[in-house]
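Every chain is numbered from 1, with letters handed out A, B, ... down the list of sequences. Keep in mind that what you see is a predicted model, and the values were worked out from it rather than measured.
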Amino acid sequence: MSEETKALHFIEHIVEEDLQNGMSKEDLRFRFPPEPNGYLHIGHTKAIGISFGLGERYNAPVNLRFDDTNPAKEEQEYVDAIKRDISWLGYTWANELYSSDYFQQLYDWAVQLIKDEKAYVDSQTSEAMAAQKGTPTQVGTNSPYRDRSVAENLDLFQRMKDGEFPNGAHILRAKIDMEDPNMLMRDPIMYRVMHAHHHRTGNDWCIYPMYDWTHGESDYIEQVSHSLCSLEFKPHRKLYDWFKEQVYPLSAEQYPLIPKQREFARLNLSYTIMSKRKLLKLVEENVVSGWNDPRMPTISGLRRRGYTPNSIRKFIEKVGVAKRENVIDVSLLEFCIREDLNKTAPRVMAVLDPIKVVITNYPADKEEWFEAENNPEDAAAGSRKVPFSNEIYIEKDDFKEEASDKFFRLKLGGEVRLKNAYIIKAEEVVKDANGNITEIHATYTEDTTKKVKGTLHWVSVKHAVQAEVREYDRLFIDEAPDSHEGKDFMEFINPNSLKIIEAFVEPSLAEAKIGAQFQFQRLGYFNVDDDASEGKLVFNKTVGLRDSWAKAKPKANTNPNQQKPQQQNQRKAISVIQQFGKKYTNLPEEKQAKVRAEILELAKEVSYEELEPLFGTAVKKAGTRIGAMLTLSVLLENGLEKNEAINDFIEKALEDKNELLVAEAAKL
RNA sequence: UGGCCCAUGGUGUAACUGGCAACACGUCUGUUUUUGGUGCAGAAGAGUCUAGGUUCGAGCCCUAGUGGGCCAACCA
């Protein structure tokens, strides 16, 4: 019952504070403001979760407002997709609104600003204006049109609206301060001439307001109390506040509340990209089959892949809210979906990479139907019947002619339990001319009470149903594909992100409906893809089960100089190195040299197995990577051979922005 | 040659100024199990970027430094 009182995040603290300072709870109002120029992705779910979450927490309305001020990029298709995705996540908006609804009000206010000499029409080229704007480190200069008379400005603006001018001929600018250190305050553009068809207002307008002017005033009109957005809008806050100060005296009675903008760090997920522009490129260049390709980080892609609303909301909750740049590990997302599906997905048997087993002492014409539990986590899930016969498929991986005792599966002379059925013993193998195993011959016993180490899933050959299974791998081979200067994210596309398999599944699946979710026992969670049709089953692999055997395996091979871990009370060299590394880049030069020497000394006690995990250190932690690099140099000196992981690590380091890291890497 | 924001285990987030820096993921043990899954029990892993300062006492406040991010679209 007692939901452990979750700590408030900083935005909730701000709201609490405002409430304590006299703001009425009834005045709380939030909004989610997508631009309908693409599909929503997992990054958006954080913003959605924050604003709608606040709405749920305080029982306050949350508007869905489409920020549709650029007709060149926006489409109805995206509006529909966005609404579908938010609803699917389980959120309900108070009002469906559009910035374009406020075009007239915005225009009226703009006219007033001109009259108050707070806005003017500029008639220069965009190049000229860009030049006058200065740079972040250099102030700007005034436009020659800055002091046009009110009458002239009014006339020009009216004619802009009337469509007398071509695109780009004039713009309306706020008159603020060309020397402000914040570039957004250097007479920002409020309106541009754009002869374009708008998805809602049609051809009514040929001037369109810019983001800063529109967004803040839309918040104001809607009387949004807290306008929450991502960090890159922090510099916009000054402008956001300036515009409101100008407009407030004009409408204080109608709109008494002044919204407050606050910013949080956006969500980044390892091995993927979050830019709508870049996702669009994947779609347009057919790298994926569409916005809802199961490999896409879009909400619709995740949905098709088999992610549930529950799992995504849980994920967002776990990720937290702060102002620090972050990269969330995909393993957290995977944890959330496994946790959800573990409780709900019916268990079934499917063999993805089959090898045939003939049970020689089981009559060829006999078949039995065994009772199989649907979900051990859910007693109410009931059971179903599974057919057994003398020929079954098992996974190729589940058989070895010879293997150590650690291999719990089937080996020659060994016994294994068939899930829901008998225990079998492998007697011999049949091989083809090339020595490949084509068949395993086994015998069974009816005594199922026996203790055997392993249990395998299987499918009766005679009863098996064929199905297409689509197995996915990450779309990019790099942890942060769009963060490499001078390298396009497209270079990091994983060519093997989709694997299509012809699998055999148990007959109970023959009628499975689109969207239905299952656990293929011992393999993972799968759902029926939209492409499935009468007589053609298609499954997506949502996520695999945790697999400690797969993890244990590689270790068995790379065990040459397995050092006994030192005394418990003595800290491991690798962890000391990690600690040094963390601070390395911030140390004064001489101290750095000292630490470097210590690391090199400590490195002698480090084994490669200990070091390798550090290769995955976050890109931004240059110091830790330097520590790892130094350690690596010692290992290499002592005869360690370079492998793929090592080369990758070095190569990545060479491209880094940190000169120290590059220098150390260059020595290898 | 500017302004703004940020800095806590591998990752992400907590921590009312004061008892050994908490939680989740990940990692590792053990255990249960007709899923090498789940569950259960447990462990390792940071002393909070650096240097000063304020204070009886500082991740928390101040100053400076270092490192990272953002800002020069008629995009949002």
Opposite nucleotide pairing with [N], Watson-Crick or G-U, both atom distances under 3.5 Å:
N     : result
B/U63 : B/A51
B/U33 : none
B/C70 : B/G3
B/U11 : B/A24

Scan [X] against the nucleic acid and name what it touches under 4.0 Å (heavy atoms): base, sugar-phosphate only, or nothing.
X      : answer
A/Q132 : nothing
A/L332 : sugar-phosphate
A/V452 : nothing
A/F233 : base
A/H236 : base
A/F335 : sugar-phosphate
A/T214 : nothing
A/S126 : base

Do [X] and [Y] meet the criterion of a side-chain donor-acceptor pair at a distance under 3.5 Å?
X      : Y      : answer
A/Q124 : A/S143 : yes
A/Q519 : A/Q521 : no
A/T448 : A/R417 : no
A/H457 : A/R347 : no

Please report the distance separating the [atom1] of [N] from the corresponding atom of [M], rounded so that it comes out in whole Å.
N     : M     : atom1 : answer
B/C40 : B/C25 : P     : 11 Å
B/G57 : B/A21 : C1'   : 16 Å
B/A44 : B/U29 : P     : 15 Å
B/C75 : B/A7  : C1'   : 31 Å
B/U27 : B/U66 : P     : 39 Å
B/U54 : B/A46 : C1'   : 26 Å
B/C60 : B/G19 : P     : 15 Å
B/C61 : B/G18 : P     : 13 Å

Syn or anti conformation of B/G47, syn meaning chi within 90° of 0: syn
Would B/G57 be called syn or anti here, given the cut-off of 90° from 0?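 For B/G57, whose glycosidic angle is more than 90° from 0, the conformation is anti.
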For the pair A/R200 (side chain) and A/S99 (backbone), establish whether a donor and an acceptor sit closer than 3.5 Å, ignoring hydrogens and angles.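 Such a contact is absent between A/R200 side chain and A/S99 backbone.
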Between A/D187 (side chain) and A/A119 (backbone), is there a donor-acceptor pair under 3.5 Å? no
Can you figure out which of [options] approaches the side chain of [X] most closely?
X      : options             : value
A/N326 : B/G12, B/C4, B/C74  : B/G12
A/K551 : B/A72, B/C28, B/C74 : B/C28
A/M129 : B/G12, B/C74, B/C71 : B/C74

To the nearest Å, how far apart are [X] [atom1] and [N] [atom2]?
X      : N     : atom1 : atom2 : value
A/D177 : B/A72 : CG    : P     : 18 Å
A/E232 : B/G3  : CD    : C1'   : 17 Å
A/L660 : B/C49 : CG    : C1'   : 15 Å
A/K133 : B/A73 : NZ    : P     : 7 Å
A/R277 : B/A76 : CZ    : C1'   : 13 Å

Centroid separation under 6.0 Å, is that true for the rings of [Y] and [X]?
X      : Y      : result
A/Y240 : A/F233 : no
A/F157 : A/Y191 : yes
A/F264 : A/H9   : no

Can the positive tip of A/K419 be found less than 6.0 Å from the middle of the six-membered ring of A/W458, inside 45° of the ring normal?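 Geometry flag: not set, cation outside 6.0 Å or 45°.
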Which residue lies more 5' along RNA chain B, comparing A/P209 with A/K318 via nearest heavy atoms: A/K318
Could you run through nucleotides 34-39 of chain B and give me one letter per nucleotide, 5' to 3': B if any protein heavy atom sits under 4.0 Å from the base, S if only the sugar-phosphate is that close, - if neither? BBBBB-
Phosphate-side-chain proximity, A/R192 and B/A76, N/O vs OP1/OP2 below 4.0 Å: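 It does, given that an N or O in the side chain of A/R192 lies less than 4.0 Å from OP1 or OP2 of B/A76.
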Output yes when at least one side-chain N/O atom of A/K323 is less than 4.0 Å from OP1 or OP2 of B/C6, else no. yes
